[in-house]
Chemist: 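Here it is: the structure, laid out below.
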2 protein chains.
Amino acid sequence: MSDGFDPELVPDARGATRRPEPECPVEVALAAISGRWTTLVLRELTAGPRSFGELRAALPTVSAKVLTDRLAELTRRGLVGKEVHAGFPTRTSYQLTTAGKRLRPLLVELYRTGAALLAETT
Amino acid sequence: MSDGFDPELVPDARGATRRPEPECPVEVALAAISGRWTTLVLRELTAGPRSFGELRAALPTVSAKVLTDRLAELTRRGLVGKEVHAGFPTRTSYQLTTAGKRLRPLLVELYRTGAALLAETT
DNA sequence: CGGGATCCTTACGGATACTG
DNA sequence: CAGTATCCGTAAGGATCCCG
């Protein structure tokens with residue numbers, strides 16, 4: 001019943017699809033880190049909780065709309081948690097959830113792989 | 001001179017950017033696997049060399065244009081090699097280069113992470 | 001401070017038809 | 001067989017202005 005794929009690459013049936021499926025683990029992971037600025041936001045939050053303004057300060061050229069979009073999507077996926085502290089001015093705090101912290105090894109591997117590719121062509 | 005980031009996540013200055021930079025290793029790796037169908041094409045080629053038609057047969061609902069686009073981009077990046085065997089009908093063969101094979105651990109990690117995220121919410 | 005509401009532009013993916 | 005050439009709709013990213 002082999003599907004012809006390396007079992008380490010495709011360990012179970014969910015990865016043996018013939019087209020992009022949102023339920024495929026690879027697509028799930030890609031969706032989590034996809035979108036411009038997303039990995040940078042995750043990098044910031046990996047260092048600890050951050051407010052909206054702190055994120056903007058760390059990433060000065062991201063627009064408010066895009067940052068809001070990224071945080072909303074990450075929150076929707078359960079990767080980031082949001083706390084609003086009442087008062088004026090309003091203070092918020094974004095932080096990685098347990099699920100969000102699971103992205104860490106993937107980010108490390110992204111860096112490793114990218115560095116290897118860069119070294120290859122140089 | 002710490003930048004405040006975890007040194008495993010951001011091992012050198014190339015990862016300490018304040019906006020998306022094409023030279024950042026993370027962006028390089030993301031670019032390599034980005035685009036719909038790309039990881040599926042890579043999965044097929046990981047199993048061995050494939051012709052254009054074989055790839056279409058394995059991924060029946062991908063259009064010729066998109067498949068061409070993906071193969072051209074992967075080839076341009078030096079991740080995939082192309083051999084054209086003269087004759088009629090024309091036969092081609094696409095295969096992973098040494099650089100392309102370096103994407104394998106990343107694909108494995110994508111699957112692992114995605115599976116972990118799916119397990120988390122279920 | 002922390003966004004929401006608009007508007008705009010372009011990049012991407014897909015469908016269809018055709019060619020060496 | 002292995003693509004190329006067009007055309008098209010959508011969605012993503014970004015700029016600007018406004019509000020609680």
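Since the structure is predicted, the reported quantities are computational estimates derived from the model, not experimental observations. Just so it is clear: chains get the letters A, B, ... in the order the sequence lines come, proteins before strands, and each one is counted from 1.
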Chemist: Using whole Å, what does the distance between atom P of nucleotide C:dA15 and atom NZ of B:Lys65 come to?
Modeler: 11 Å
Chemist: Counting heavy atoms from C-beta on, name the nucleotide in D:dG14, C:dC12, C:dG2 closest to the side chain of A:Val66.
Modeler: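 The nucleotide sitting nearest to the side chain is D:dG14.
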Chemist: Nearest-nucleotide wise, let me know which of A:Arg91 and A:Pro20 is further upstream toward the 5' end of DNA chain C.
Modeler: A:Arg91
Chemist: Atom CG of B:Leu40 to atom P of C:dG13: distance rounded to whole Å?
Modeler: 13 Å
Chemist: So does A:Gly100 get a backbone contact from the side chain of A:Thr97, meaning a donor-acceptor N/O pair under 3.5 Å?
Modeler: yes
Chemist: Just how far is it from atom CZ of A:Arg70 to atom CG of A:Leu42, taken to the nearest 0.5 Å?
Modeler: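 Rounded to the nearest 0.5 Å, the CZ-CG separation comes to 11.0 Å.
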Chemist: Quick check: on DNA chain C, is the nucleotide nearest B:Ser63 upstream (toward 5') of the one nearest A:Gly53, or the reverse? Name the residue that is more 5'.
Modeler: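 With A:Gly53 and B:Ser63 compared, the 5'-side residue is A:Gly53.
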Chemist: OP1, OP2 of C:dG14 versus side-chain N and O of B:Arg36: anything below 4.0 Å?
Modeler: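 So the side chain of B:Arg36 is within the cut-off, an N or O lying under 4.0 Å from OP1 or OP2 of C:dG14.
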Chemist: For C:dG3, take OP1 and OP2 only and decide whether either is under 4.0 Å from a side-chain N or O of A:Thr68.
Modeler: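 Checking A:Thr68 against C:dG3: no side-chain N or O falls below 4.0 Å of OP1 or OP2.
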Chemist: Could you tell me the separation between the CD atom of A:Glu27 and the P atom of C:dG13, rounded to a whole number of Å?
Modeler: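 For the pair A:Glu27 CD and C:dG13 P, the rounded distance is 12 Å.
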Chemist: Can you tell me how far P of C:dG2 sits from NE2 of A:His85, to the nearest Å?
Modeler: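 Rounding to the nearest Å, NE2 of A:His85 and P of C:dG2 are 10 Å apart.
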Chemist: Determine yes or no for a side-chain-to-main-chain donor-acceptor pair under 3.5 angstrom, with B:Arg50 supplying the side chain and B:Ala58 the backbone.
Modeler: no
Chemist: Could you give the CD-to-C1' distance, from B:Glu73 to C:dG13, as a whole number of Å?
Modeler: 14 Å
Chemist: In this structure, how many angstroms lie between the P atom of C:dC1 and the CG atom of A:Leu55, rounded?
Modeler: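 Distance check: A:Leu55 CG to C:dC1 P gives 14 Å.
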Chemist: Look at A:Arg56 and C:dG2 and indicate whether a side-chain polar atom (N or O) is within less than 4.0 Å of OP1 or OP2.
Modeler: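 For A:Arg56, the contact criterion (side-chain N or O under 4.0 Å from OP1 or OP2 of C:dG2) is not met.
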Chemist: Rounding to an integer number of Å, can you tell me how far B:Glu54 CD sits from D:dG3 P?
Modeler: 12 Å
Chemist: Atom CG of B:Leu67 and atom CG of B:Leu71: how far apart are they, to the nearest 0.5 Å?
Modeler: 4.5 Å
Chemist: Nearest heavy atom decides the nucleotide; on that basis, is A:Val62 or A:Phe88 closer to the 5' end of DNA chain D?
Modeler: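 Its nearest nucleotide lies further toward 5', so the answer is A:Val62.
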Chemist: Less than 4.5 Å apart, any side-chain heavy atom of B:Tyr94 and any of B:Glu83?
Modeler: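 Not touching, per the 4.5 Å side-chain cut-off.
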Chemist: Between B:Trp37 and C:dG14, is there a side-chain N or O to OP1/OP2 distance below 4.0 Å?
Modeler: yes
Chemist: Within less than 4.0 Å of OP1 or OP2 of D:dG3, is there a side-chain N or O belonging to B:Thr90?
Modeler: no
Chemist: If you only use heavy atoms from C-beta on, which nucleotide in D:dG3, C:dC1, C:dG14 is closest to the side chain of A:Pro89?
Modeler: C:dC1
Chemist: Rounded off to whole Å, could you give me the CG-to-P distance for the B:Asp69 and C:dA11 pair?
Modeler: 14 Å
